[in-house]
Protein chains: 2
Amino acid sequence: MDIHGQRSGSIQSVERAVAVLKLFGEAEPELGVSELARRLKLHKSTVSRLLSTLEAGGFVQQDPRSARYRLGLQLATLAGLALTQYELRDVARPSLQELAIETGETTTLSVIDGMEAVNIDQVLAPHPVKHLGWIGRRLPLHCTAAGKSLLAHLPSGALDGYLARPLARYTARTVTNPELLRRELEGIRARGFAIGQEEYEADLSAVGSAVRDHRDGVVASITVSGPSFRLSPDRLRQLGEAVRLAAAGISARLGHRPAGALALADGRPGDGLPRGVGRALAQARDRALESDAAAAGAGQKSDGCRPPVGVAGPMFGS
Amino acid sequence: MDIHGQRSGSIQSVERAVAVLKLFGEAEPELGVSELARRLKLHKSTVSRLLSTLEAGGFVQQDPRSARYRLGLQLATLAGLALTQYELRDVARPSLQELAIETGETTTLSVIDGMEAVNIDQVLAPHPVKHLGWIGRRLPLHCTAAGKSLLAHLPSGALDGYLARPLARYTARTVTNPELLRRELEGIRARGFAIGQEEYEADLSAVGSAVRDHRDGVVASITVSGPSFRLSPDRLRQLGEAVRLAAAGISARLGHRPAGALALADGRPGDGLPRGVGRALAQARDRALESDAAAAGAGQKSDGCRPPVGVAGPMFGS
DNA sequence: AGACGCTGTTGCAGACTGCGCAACAGGCAT
DNA sequence: ATGCCTGTTGCGCAGTCTGCAACAGCGTCT
């Protein structure tokens, strides 16, 4: 049962359905049955049946003409509901808007999910040159301003787990050396904001800062991003201060007390959980400490940085 | 195999996984295993394994404290990609923005999907009283301005199928009589826009108009919506004209020739499909004509109103 | 023109998977 | 401390899903 690396207590068909959906994101947006079967190394008929089931649920649509499939709008519906849960968005939105007006650049709110940063809200610049970084987009942690702001405050165990894997290179400026990155994260903690200069996408720069909640845990990051030609090193330092203040403002509204004398550095042991760790979290930690690095990712994502869950509010912003 | 109404060639586990996800939308946003099992009439262990698999894929998250589950951010990621496919959004956005500024109200772009209208883009009013109608939200076709604009131009077969089912009542003003609705749809076709006054949500009114593509098929609708106290009958008529013109503008940019002498009314037989109906569409039609009304919904959604598929662009826009 | 390659979908029978059971472990209230 | 609730996990049988092969529609090449 555990023969092919699939975690125990997992349902094969559903795993495959998930793989199908994810492939639409990684590969082309429109795929045929045979092509999917080839990439997933599954039988044509299996994929056909998977897609047929997913289509009934609205998760994929079939183009009647080409008979090929693409992602369906049911995903947007559920995504809207998923984002509703983050009351953080409602709290952050005014600051995000203010910051966008003040700087004239695009501002974004991101959280950590599965060892990646995910944008959950955004206010566009008046005249965006190019609209990158849409809501739902995932960014690597080690080479984006949003990611590094989050990475810098990860529990040390989680950080070690992340750095144990090779760091992917995207541009000439991507830092792929773990030790160099550790050095930079220290700087980010000291400075209060992170700078990302074309480390992920060419011609795109950004600054980001972490948002903390009432328990002093980092729950999100906000970033200001724009085309590099508008963002000189001087300007970036300016924006860094602005984003740091805006993040502090959001943190305060989340009940964070800025007198963080107890927040010594990283890797605080108890993590501030009130009563009992909860076995799920304990298990997640156990898994994280296993040799398998992918498990580490899955485990750590249940750690510390989970945003509060709350009532309804606006979504898919402005 | 067909014992429990499940369409042939469908995978049970995946169907169940889909049902789990949809239940998060229909019921509370955070649910426990036992509660889900009760609602879906499945075994606790089955649901636990389903959720465990979905969590590995990022489609749900488990709150470590309460051990309950909620929708995950992977949905937002895939939703972003799903929306990218609608190049219609890029074409419509300037008009949407212009219309929002001109009217001072929220403007929305919607398409038909599975016998419902789905919002795929939106520009908010400067100071929205209440942010309803987020992107991804689904609206009924028979009692919303967006829905009626789309319904009015459905092929007659599809319309008959839709009206064969009882029309749900949401407010005192909801029209639930099929004949009355038919009458109104005629008026909408003649007038060029639809009016929705608190037929779905109290204190909310809107006007909408259909967008056509180069083949003269209706592919979307745009609406202007706001609180009823700002939208008197007079104002609604004004806005109706504005939304009609804006829709015509988008249609033109999609290559629609306004001299629609060939667009006699509804129910054009050939539907303008170029060569061969394509068996998938034919099958969808056959299913639609079956007694099962749910199948009708699934079938018709593959009909006529599919938007063009295209390259990347901004999404979840500001 | 005709045939071939390609696509995606669909019965069928066997085999593996996933279900249901029961037991386990933790949390909360009584 | 006891009971009831939660969610997760071995185990064996039954049922579901897979893989095969055949079918049908399109496009293209010879």
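Here is the naming used below: chain letters follow the sequence lines, and residue numbers restart at 1 for every chain.
- B/Ile11 places its CD1 atom 16 Å from the C1' atom of C/dC19, with the value rounded to the nearest Å.
- Here D/dC17 presents its P atom at 10 Å from CG of A/Leu50, a figure rounded to the nearest Å.
- Side-chain contact check for B/Asp113 and A/Gln61: at least one donor-acceptor pair (N or O, by modelled atom type) lies under 3.5 Å.
- Atom CG in A/Asp121 sits 8.0 Å away from atom CG in A/Leu83 (nearest 0.5 Å).
- Residue contacts shown for B/Ser45 include a base, since a base heavy atom lies under 4.0 Å away.
- In this structure, B/Glu35 atom CD and D/dC5 atom P are separated by 14 Å, rounded to whole Å.
- Contact annotation: B/Tyr69 reaches the phosphate of D/dT8 (side-chain N/O to OP1 or OP2, under 4.0 Å).
- When the side-chain nitrogen and oxygen atoms of B/Ser48 are compared with OP1 and OP2 of D/dT8, one or more of them lie within a distance under 4.0 Å.
- A donor and an acceptor atom sit less than 3.5 Å apart, one in the side chain of A/Arg49 and one in the base of D/dG19.
- Counting to the nearest Å, the C1' atom of C/dA15 and the CD atom of A/Gln12 are 12 Å from each other.
- Nucleic acid contact class of A/Ser13 (heavy atoms, under 4.0 Å, all strands): sugar-phosphate only.
- With hydrogens and angles ignored, the 3.5 Å screen pairs a side-chain donor or acceptor of A/Asp213 with a backbone N or O of A/Gly217.
- With D/dT18, C/dT7, C/dC19 as the candidates, the nucleotide lying closest to the side chain of B/Arg16 is C/dC19.
- The side chain of A/Val33 sits closest to C/dT9 out of C/dC19, D/dT18, C/dT9.
- Following rounding to the nearest Å, B/Leu54 (CG) and D/dT8 (P) show an atom-to-atom distance of 12 Å.
- The side chain of B/Gln62 places an N or O atom within less than 4.0 Å of a non-bridging phosphate oxygen (OP1 or OP2) of D/dT8.
- Judged by distance alone, the side chains of A/Gln12 and B/Ser13 never bring a donor and an acceptor atom under 3.5 Å apart.
- Listed nucleotides C/dT7, D/dG7, D/dC20 differ in distance to A/Lys44; the shortest reach to its side chain belongs to C/dT7.
- Between A/Glu30 atom CD and C/dT7 atom C1' there is a gap of 14 Å when expressed in whole angstrom units.
- Between the side chains of A/Ser251 and A/Arg212, no donor N or O sits under 3.5 Å from an acceptor N or O.
- As a whole-Å value, the separation of B/Leu40 CG from C/dG20 P is 12 Å.
- Of the candidates D/dT16, C/dG20, D/dT18, D/dT18 carries the atom nearest the A/Thr46 side chain, counting heavy atoms from C-beta on.
- Between B/Arg68 and C/dG27 there is no side-chain N or O to OP1 or OP2 distance below 4.0 Å.
- Atoms NE2 (A/His43) and C1' (D/dC20) sit 6 Å apart, rounded to a whole Å.
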